[in-house]
Engineer: 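Below: one structure in structure tokens.
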Amino acid sequence: MRFSRAVVRRPSPSFAEGLTRADLGSPSLTLAKAQHERYCEELQRCGLQVTCLSTDAHYPDGTFVEDTAVVTPRGAIFTRPGAESRRGEVASIGEALLDLVPSLGEIEAPGTVDGGDVCAVEDRFLIGISARTNEEGARQLAAILRSQGYESAILDLRDLPELLHLKSGLAALDDGRLVAIAALLDRDELRGYPAVRVEESESYAANCVCVNGRVLIARGFPLIEAALAKLHYDVVTLEMSEFRKMDGGLSCLSLRL
């Protein structure tokens, strides 16, 4: 899929109060804003028109817009985030997205889905069951996708507590190749996909983003950078230190459509 637009939200003044399991210290809002601006600049260089929503101090995790919707070539499915404190984020994202794409449906209680648990591999969607996405939410999402002609597969990640989301350990490139940690590549649902294995020491870098032929990866992970370059991908590295402190990765920061 070639992307033409992205929706983002700048880090809010309350960014450091967001949810995190990381033990990497408190983030700098100044640095986070600078890193976010560089991220948006790179999306523009990839040919995307970027819509930047205003910050909302009521939602410190609001910059991680990916969790609020699942975007397909046919429209958007609005989620019901697993963290109750984040559910209010969906409304404003919905207003922005509905100016750009049709709605295909939404996840309803008691289902929960975080967009970070959903990875599109060409026309197939991988859905992770995690601490944030429950079985009912995964079932509802799969049904909506099926109604639009998309196949899906559900992966239970609850035996991998180190993964907050599916995309904490997995990404898909334009040509259907995966970038993934070893624990996910062993899953039956992923067998048959060509893949670049991410070493355990660089597991954070598995959350990368392929945008119109470029692969954006977190800076500071030379093994995966070299592996992708060897396969002739156009690799761009971006500093993500402050978002990593808040359990966030590159894919979390935008909805691409």
Side-chain angles (χ1 to χ4, degrees), residues 1-10 36 39-40 42-44 46-53 59 61-82 86-108 111-128 130 132-133 137-138 140-154 165-168 170-174 176 178-179 207-216 248-257:
M1 177 178 175
R2 184 165 183 85
F3 299 106
S4 61
R5 305 188 68 114
V7 175
V8 304
R9 190 191 297 277
R10 293 188 182 93
H36 191 270
Y39 175 84
C40 292
E42 194 55 48
L43 292 180
Q44 291 172 328
C46 292
L48 275 60
Q49 181 177 340
V50 177
T51 299
C52 190
L53 305 182
Y59 300 108
D61 295 298
T63 193
F64 301 127
V65 294
E66 177 181 56
D67 290 323
T68 62
V70 176
V71 179
T72 79
R74 297 180 181 174
I77 302 163
F78 295 99
T79 69
R80 183 170 180 266
R86 300 198 59 193
R87 290 176 189 161
E89 299 171 24
V90 177
S92 60
I93 293 293
E95 291 174 5
L97 281 182
L98 290 177
D99 286 337
L100 305 172
V101 295
S103 172
L104 302 180
E106 62 184 29
I107 304 302
E108 299 178 351
T112 62
V113 170
D114 273 16
D117 277 316
V118 186
C119 183
V121 188
E122 297 181 318
D123 287 334
R124 186 175 185 236
F125 286 79
L126 304 174
I127 305 169
S130 68
R132 300 287 178 84
T133 295
Q140 289 183 33
L141 178 58
I144 296 171
L145 290 168
R146 186 167 56 251
S147 74
Q148 297 299 314
Y150 296 112
E151 295 183 3
S152 62
I154 295 174
H165 292 128
L166 174 63
K167 284 198 277 196
S168 300
L170 174 74
L173 304 180
D174 282 346
L178 303 180
V179 176
N207 182 265
C208 57
V209 181
C210 191
V211 183
N212 298 345
R214 291 183 177 177
V215 183
L216 314 185
L250 282 160
S251 73
C252 309
L253 294 177
S254 63
L255 286 163
R256 300 161 299 282
L257 52 147

Engineer: Closest approach of Ile144 and Ile77, non-hydrogen atoms and distance?
Structural biologist: CG2-CD1, 3.6 Å
Engineer: For Leu48 versus Arg5, what's the shortest heavy-atom pair and its separation?
Structural biologist: CD2-O, 3.6 Å
Engineer: Could you report the tightest heavy-atom contact between Ser103 and Gly105, atom names first, then the distance?
Structural biologist: OG-N, 3.3 Å
Engineer: Would you say the side chain of Phe3 lies within less than 4.5 Å of the side chain of Val71, judging by non-hydrogen atoms?
Structural biologist: no
Engineer: Could you tell me which non-hydrogen atom of Pro81 sits nearest to which non-hydrogen atom of Asp114, and how far apart they are?
Structural biologist: CA-OD1, 3.1 Å
Engineer: If I take atom CD1 from residue Ile127 and atom CG from residue Leu166, how far apart are they, to the nearest 0.5 angstrom?
Structural biologist: 9.5 Å
Engineer: Could you tabulate the donor-acceptor pairs under 3.5 Å formed by side-chain atoms of residues 249-257, not counting sequence neighbours?
Structural biologist:
residue: Ser251; atom: OG; partner: Glu66; partner atom: OE1; Å: 3.0
residue: Ser251; atom: OG; partner: Glu66; partner atom: OE2; Å: 3.3
residue: Ser251; atom: OG; partner: Asn207; partner atom: ND2; Å: 2.8
residue: Ser254; atom: OG; partner: Tyr39; partner atom: OH; Å: 2.7
residue: Ser254; atom: OG; partner: Arg256; partner atom: NH1; Å: 2.6
residue: Arg256; atom: NH1; partner: Ser251; partner atom: O; Å: 3.4
residue: Arg256; atom: NH1; partner: Ser254; partner atom: O; Å: 2.9

Engineer: Quick check for you: to the nearest 0.5 Å, what is the distance between Cys119 atom SG and Leu126 atom CG?
Structural biologist: 5.5 Å
Engineer: At their closest point, which heavy atom of Asn212 faces which heavy atom of Cys46, and how far apart are they?
Structural biologist: ND2-O, 3.0 Å
Engineer: Determine, stepwise, if the pair Asp67 / His165 fulfils side chain to side chain contact (heavy atoms under 4.5 Å, CB included).
Structural biologist: CA-CA 10 Å; Asp67 290 323; His165 292 128; 3.6 Å; yes
Engineer: Sequence neighbours excluded, which residues qualify as ring pair (Phe, Tyr, Trp, His ring centres under 6.0 Å) partners of Phe125?
Structural biologist: Tyr150
Engineer: Please confirm whether the backbone N or O of Glu108 pairs with a side-chain atom of Gln140, one donor and one acceptor, at under 3.5 Å?
Structural biologist: yes
Engineer: Any salt bridge linking Asp117 with Arg132? Criterion: basic side-chain nitrogen under 4.0 Å from a carboxylate oxygen.
Structural biologist: no
Engineer: I'd like to know whether Leu145 forms a side chain to side chain contact (heavy atoms under 4.5 Å, CB included) with Leu104, so could you lay out the CA-CA distance, the side-chain angles of the two residues, the decisive distance to 0.1 Å, and finally the verdict.
Structural biologist: CA-CA 9 Å; Leu145 290 168; Leu104 302 180; over 6 Å; no
Engineer: Hey, are the side chains of His36 and Val8 touching, using non-hydrogen atoms and a 4.5 Å cut-off?
Structural biologist: yes
Engineer: For atom CD of Glu151, decide whether the heavy atoms of other residues, nucleotides or ligands shown that lie under 6.0 angstrom number more than 12.
Structural biologist: no
Engineer: Working to the nearest 0.5 angstrom, can you tell me the gap between Glu95 CD and Leu53 CG?
Structural biologist: 9.5 Å
Engineer: Is it the case that over 12 heavy atoms from other parts of the model lie below 6.0 angstrom from the CZ atom of Arg124?
Structural biologist: yes
Engineer: Measuring from Thr68:OG1 to Arg86:CZ, what's the distance to the nearest 0.5 Å?
Structural biologist: 7.5 Å
Engineer: Side chain to side chain contact (heavy atoms under 4.5 Å, CB included) for Ile93 and Arg9? Distances and angles first, verdict last.
Structural biologist: CA-CA 9 Å; Ile93 293 293; Arg9 190 191 297 277; 3.9 Å; yes
Engineer: So do Ile154 and Leu141 actually touch side chain to side chain, heavy atoms under 4.5 Å?
Structural biologist: no
Engineer: Just wondering, do Val211 and Leu43 contact through their side chains at under 4.5 Å, heavy atoms?
Structural biologist: yes
Engineer: Would you call Glu42 and Arg214 a salt bridge, taking side-chain N to carboxylate O under 4.0 Å as the test?
Structural biologist: yes
Engineer: Nearest 0.5 Å, please: how far is OG1 in Thr63 from CD in Glu89?
Structural biologist: 9.5 Å
Engineer: Kindly indicate, with the supporting measurements, whether the criterion side chain to side chain contact (heavy atoms under 4.5 Å, CB included) is fulfilled by Ser152 and Arg146.
Structural biologist: CA-CA 8 Å; Ser152 62; Arg146 186 167 56 251; 5.5 Å; no
Engineer: With heavy-atom distances below 4.5 Å as the criterion, would you say the side chains of Thr112 and Arg87 are in contact?
Structural biologist: yes
Engineer: Determine whether Leu178 and Leu173 make a side-chain contact, defined as any pair of heavy atoms from C-beta on separated by less than 4.5 Å.
Structural biologist: no
Engineer: Indicate the atoms forming the closest heavy-atom contact of Ala76 with Val101, along with that distance.
Structural biologist: CB-CG2, 3.9 Å
